[in-house]
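Written below as structure tokens is the structure these notes are about.
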Amino acid sequence: IQDLLSDPILAGTSVLITAGGTREPLDPVRFLGNRSSGRQGVALAEAARAAGAEVTLIVTHLEVPVPHGVHVVHASSALELREAVFEHAPGKDVLIMNAAVADFRPATIENSKIKKRDEHSAPVIELVRNPDILAEIVQARGGNDELPRFIVGFAAETGDEQGSVLDYGRAKLERKGCEMLVVNEVGATLTFGEETNAIQVLFADGHESVQAAGSKLEVARVVIEQISHATKGHAD
Ligand code: CTP
Ligand code: CA
């Protein structure tokens, strides 16, 4: 892996990566979160840096240390992440949206700790939709040449009777409007937290999808190679 990563295939390229999982506050001490460890996003940052890119990494909540040699920006909730993405995206060549963004957040954030009021009752938490950061930045690009020309999304999908992982991935790629979608196949044998990931890299320009499997670092290497190929306009 090290050998392949040490080729400066992204020299002169600036890359913005989001990693981890957002936390949506309920009150001063509680939040709704998700299980993303941030390992894949950190591996992407390391692979991009090793490939010679200038890397800015927006971290939400990580279970692993931040890598060396990259600019690190912190955010917590989806709304904060959106702000950070829009602040740091201008001037970057590539955006990789790897963070697990909460689809919903509590409608209100209590100023003080939510208390048990009596013996038996429990609160009902109302949720509202979060903005789709990826779709928004793709849209915003229409009127802003400063925003990244190459935008990559990540999605975990399972196949079912209605469609395959590839079908769902293609539909999501179209919905988001980004250039590339890395689809992680999750299912009975491939689950979160496992060492081996199976991915399919899909492209909006119609060129054939690429399959790969391996550790998060190997996945990162493949993704960085594909970004390098695509942004340099290679035919393969
Ligand atoms: N994403 C985002 N903002 C959101 C939700 C997702 O930017 N509010 C980004 C993620 O960072 C990821 C991509 O969109 O790169 C796909 O995330 P996913 O959760 O698979 O897509 P959703 O549109 O939320 O679809 P689903 O209903 O399947 O969760
Ligand atoms: Ca989602």
Side-chain angles (χ1 to χ4, degrees), residues 15-25 31-45 48 56-62 73 75-89 92 94-107 127-141 147-148 150-160 162-187 190-192 197-204 209 216 219-220 222-224 226-227 230:
V15 181
L16 178 63
I17 302 172
T18 67
T22 64
R23 286 182 181 178
E24 307 304 312
F31 58 83
L32 301 179
N34 63 68
R35 289 190 193 279
S36 175
S37 68
R39 282 187 181 83
Q40 185 66 75
V42 166
L44 286 163
T56 301
L57 181 65
I58 306 177
V59 298
T60 52
H61 295 272
L62 301 186
V73 175
S76 181
S77 65
L79 292 179
E80 281 179 30
L81 179 62
R82 178 220 232 164
E83 211 173 303
V85 167
F86 276 90
E87 183 183 336
H88 292 277
K92 302 294 190 295
V94 177
L95 167 65
I96 309 176
M97 278 297 297
N98 178 252
V101 185
D103 293 329
F104 314 102
R105 66 177 183 276
L127 301 176
V128 294
R129 285 281 282 266
N130 269 328
D132 186 327
I133 303 167
L134 178 55
E136 273 191 5
I137 198 140
V138 167
Q139 280 243 299
R141 220 164 38 161
L147 293 174
F150 200 83
I151 299 183
V152 181
F154 266 73
E157 297 286 348
T158 51
D160 60 22
Q162 261 73 261
S164 66
V165 167
L166 205 62
D167 296 333
Y168 286 119
R170 287 239 165 264
K172 189 165 282 183
L173 176 62
E174 207 160 298
R175 214 163 53 233
K176 301 284 184 180
C178 55
E179 279 62 48
M180 183 172 135
L181 186 72
V182 181
V183 182
N184 215 324
E185 294 182 43
V186 291
L190 299 158
T191 50
F192 275 108
N197 301 274
I199 58 156
Q200 301 234 22
V201 185
L202 310 184
F203 301 91
S209 68
K216 295 202 167 171
V219 164
V222 170
V223 170
I224 295 304
Q226 290 303 321
I227 291 171

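Counting convention: from 1, in listed order, for ligands and their atoms alike. Being a predicted model, the structure only gives us computed values, none of them experimental.
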### Task
Just do the side chain to side chain contact (heavy atoms under 4.5 Å, CB included) check on Gln226 and Val223 with the steps written out, would you?
CA-CA 5 Å; Gln226 290 303 321; Val223 170; 5.8 Å; no
### Message
At less than 3.0 Å, how many protein N/O/S atoms surround the Ca ion (ligand 2)? Leave waters out.
### Response
2
## Note on the structure
Using heavy atoms and a strict 4.0 Å limit, residues surrounding ligand 1 turn out to be Met97, Ala99, Val101, Asp103, Pro131, Asp132, Ile133, Leu134, Gly153, Phe154, Ala155, Lys172, Lys176
Can any side-chain N or O of [X] pair as donor or acceptor with the backbone N or O of [Y] at less than 3.5 Å?
| X | Y | answer |
| --- | --- | --- |
| Thr22 | Ala102 | yes |
| Gln40 | Lys216 | yes |
| Arg23 | Leu32 | no |
| Thr60 | Ala75 | no |

### Message
Which heavy atom of His61 sits nearest to which heavy atom of Ser76, and what is that distance?
### Response
NE2-OG, 2.9 Å
### Task
Mind listing the closest non-hydrogen atom pair of Leu166 and Ser209 along with its distance?
CD1-OG, 4.3 Å
### Query
Does a sphere of radius 6.0 Å around CD in Glu83 hold more than 12 heavy atoms from other residues, nucleotides or ligands, not counting ones at 6.0 Å or beyond?
no
### Message
For Cys178, run the side chain to side chain contact (heavy atoms under 4.5 Å, CB included) check against Ile96, Leu202, Leu95, Leu173 and tell me which one passes.
### Response
Leu173
